[in-house]
Participant: 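Below you'll find the structure I mean.
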Amino acid sequence: MFPKPNPTTADPGRRPAGSSRVLRGRGPVTALAAALLGVTAAGAAWSATPAAARTTTAIRTCAVSDLYLSLGAKEGAAGSLYWPVRFTNTSTSTCALRGYPGVSVVDGAHHRIGPAAKHSGSGYGTVSLSPGRSASAVLRTTNGPVGGPCERAGTYLQVYPPASRTATLVPAPWKTCSGVFQTGPVNTDGSF
């Protein structure tokens with residue numbers, strides 16, 4: 001049992017047990033406000049419990065086996081050549097891609113031609129792909145020998161999806177020119 005506070009030694013701001021404070025002219029309003037505050041606080045605590053108990057399901061990263069890679073239509077603009085690499089989810093569940101793919105040009109014997117694509121520097125987010133949906137990463141080089149020679153044409157693009165250590169070969173007669181070979185991040189709006 002706890003000792004009873006001594007009114008003579010009690011904290012001056014505290015009231016002795018059993019005493020109450022009366023707010024003149026505010027009694028019913030204060031009581032109603034306190035009751036509503038108590039109900040609101042109890043409701044907030046009640047509604048927070050199920051949310052805290054729920055687990056967040058993270059979408060898994062797309063594996064190479066989940067994806068079909070293909071090329072979109074080439075486009076030229078202002079001395080540049082753009083060619084999108086499409087990532088299509090062929091699995092039966094949603095998966096996600098985030099960031100830049102790794103891309104190299106390779107010949108028929110799978111030997112790399114020139115350096116791998118550099119990142120464009122564009123910002124990116126997570127792209128969720130439900131089954132059958134696609135996203136793209138746009139590749140860029142110059143449209144011919146604008147500021148330097150062109151490499152010999154490759155037979156394939158060797159593409160590593162973001163966060164993957166396994167590549168896929170995509171048939172493509174790609175030729176890097178002027179030392180410019182860049183890739184944009186995976187996205188759904190076709191931006192570089």
Side-chain angles (χ1 to χ4, degrees), residues 51 54-192:
R54 278 186 244 149
T55 57
T56 303
T57 305
I59 298 174
R60 66 184 179 79
T61 300
C62 298
V64 169
S65 60
D66 296 324
L67 300 168
Y68 174 74
L69 276 65
S70 60
L71 294 171
K74 289 181 188 176
E75 292 185 24
S80 291
L81 177 68
Y82 298 93
W83 205 357
V85 176
R86 276 189 302 225
F87 300 83
T88 302
N89 181 358
T90 57
S91 75
T92 58
S93 63
T94 299
C95 62
L97 293 171
R98 178 179 176 82
Y100 290 85
V103 183
S104 295
V105 179
V106 296
D107 62 18
H110 304 174
H111 296 110
R112 192 165 85 182
I113 300 170
K118 295 179 181 175
H119 297 173
S120 68
S122 299
Y124 57 85
T126 300
V127 177
S128 296
L129 294 177
S130 55
R133 299 302 240 189
S134 298
S136 299
V138 178
L139 304 178
R140 175 185 172 260
T141 190
T142 61
N143 199 0
V146 177
C150 294
E151 299 277 350
R152 64 188 166 96
T155 308
Y156 302 99
L157 289 173
Q158 183 178 35
V159 182
Y160 291 84
S164 177
R165 294 179 185 256
T166 306
T168 297
L169 292 177
V170 181
W174 181 271
K175 182 167 48 173
T176 299
C177 292
S178 305
V180 176
F181 185 28
Q182 295 178 307
T183 179
V186 174
N187 61 74
T188 55
D189 60 8
S191 63
F192 176 68

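Each residue takes its place number in the sequence, starting with 1.
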Participant: First locate atom OH of Tyr82, then atom CG of Asn143, and finally report the distance between them rounded to the nearest 0.5 Å.
Facilitator: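 Reported to 0.5 Å precision, the distance equals 10.0 Å.
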Participant: Locate the shortest heavy-atom distance separating Val186 from Ala135; write the atom from each residue and the value.
Facilitator: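 That would be CG1-CB, 3.7 Å.
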Participant: Please collect all side-chain hydrogen bond (donor to acceptor under 3.5 Å, both in side chains) contacts where either partner lies in residues 60-72, sequence neighbours excluded, each pair once.
Facilitator: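 For residues 60-72: Arg60-Asp66, Arg60-Ser91, Arg60-Ser93, Ser70-Arg86.
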Participant: Just so I know, are the side chains of Leu69 and Phe87 near enough to count as touching, which here means a heavy-atom distance under 4.5 Å?
Facilitator: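 Leu69 vs Phe87: side chains touch.
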Participant: Measure the shortest side-chain to side-chain distance between Leu157 and Leu71 over non-hydrogen atoms and say whether it is less than 4.5 angstrom.
Facilitator: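 Of all side-chain heavy-atom pairs linking Leu71 with Leu157, at least one is under 4.5 Å.
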Participant: Give, for atom OG1 of Thr176 and atom CG of Leu139, the distance between the pair rounded to the nearest 0.5 Å.
Facilitator: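 Thr176 OG1 to Leu139 CG: 9.0 Å, rounded to 0.5 Å.
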Participant: Contact between Arg133 and Thr94 at the side-chain level, heavy atoms closer than 4.5 Å - yes or no?
Facilitator: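 Not touching, per the 4.5 Å side-chain cut-off.
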Participant: About how many Å separate CG of Leu169 and OG1 of Thr155, when rounded to the nearest 0.5 Å?
Facilitator: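 Spacing of OG1 (Thr155) from CG (Leu169) equals 10.0 Å.
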Participant: Please step through side chain to side chain contact (heavy atoms under 4.5 Å, CB included) for the pair Thr141 and Lys175, ending with a clear verdict.
Facilitator: CA-CA 8 Å; Thr141 190; Lys175 182 167 48 173; over 6 Å; no
Participant: Shortest non-hydrogen contact from Ser178 to Val146?
Facilitator: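 Taking every non-hydrogen atom into account, OG-N, 3.0 Å.
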Participant: How are the rings of Tyr100 and His119 set relative to one another: parallel (under 30°), tilted (30 to 60°) or perpendicular (over 60°)?
Facilitator: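 Taking His119 first and then Tyr100, their aromatic rings lie parallel (interplane angle under 30°).
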Participant: Quick one: does any side-chain atom of Arg112 pair with a main-chain N or O of Gly114 as donor and acceptor, under 3.5 Å?
Facilitator: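 Yes, the answer is positive, given that a donor and an acceptor are paired below the 3.5 Å cut-off.
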Participant: Is there a side-chain contact between Ile113 and Trp174, using heavy atoms and a 4.5 Å cut-off?
Facilitator: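 No, their side chains stay 4.5 Å or more apart.
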Participant: Scan Val170, Thr183, Val64, Leu67 and name whichever one has a side chain to side chain contact (heavy atoms under 4.5 Å, CB included) with Val159.
Facilitator: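 Among the candidates, only Val170 passes.
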Participant: Looking only at heavy atoms, which two atoms of Gly99 and Pro162 are closest? And how far apart?
Facilitator: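 Answer, listing the atom of Gly99 first, then Pro162: O-CG, 3.7 Å.
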Participant: Could you pull out the closest heavy-atom pair between Gly184 and Ala137, with the gap in Å?
Facilitator: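 In this case the closest contact between Gly184 and Ala137 is O-CB, 3.5 Å.
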Participant: Locate the shortest heavy-atom distance separating Phe181 from Pro115; write the atom from each residue and the value.
Facilitator: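 Minimum heavy-atom contact is CD2-O, 3.6 Å.
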Participant: Is the shortest heavy-atom distance from the side chain of Pro101 to the side chain of Pro161 under 4.5 Å?
Facilitator: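 They are not in side-chain contact.
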Participant: Hey, is NE2 on His111 packed in by over 12 heavy atoms from elsewhere, all under 6.0 Å?
Facilitator: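 Counting neighbours around NE2 of His111, 12 or fewer heavy atoms of other residues, nucleotides or ligands fall under 6.0 Å, so no.
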Participant: Below 3.5 Å, can you tabulate the donor-acceptor pairs from side chains in residues 121-131 to any protein atom, sequence neighbours excluded?
Facilitator:
unit_1, atom_1, unit_2, atom_2, d
Ser122, OG, Ser120, OG, 3.2
Ser122, OG, Phe192, O, 2.9
Thr126, OG1, Arg98, NH1, 3.2

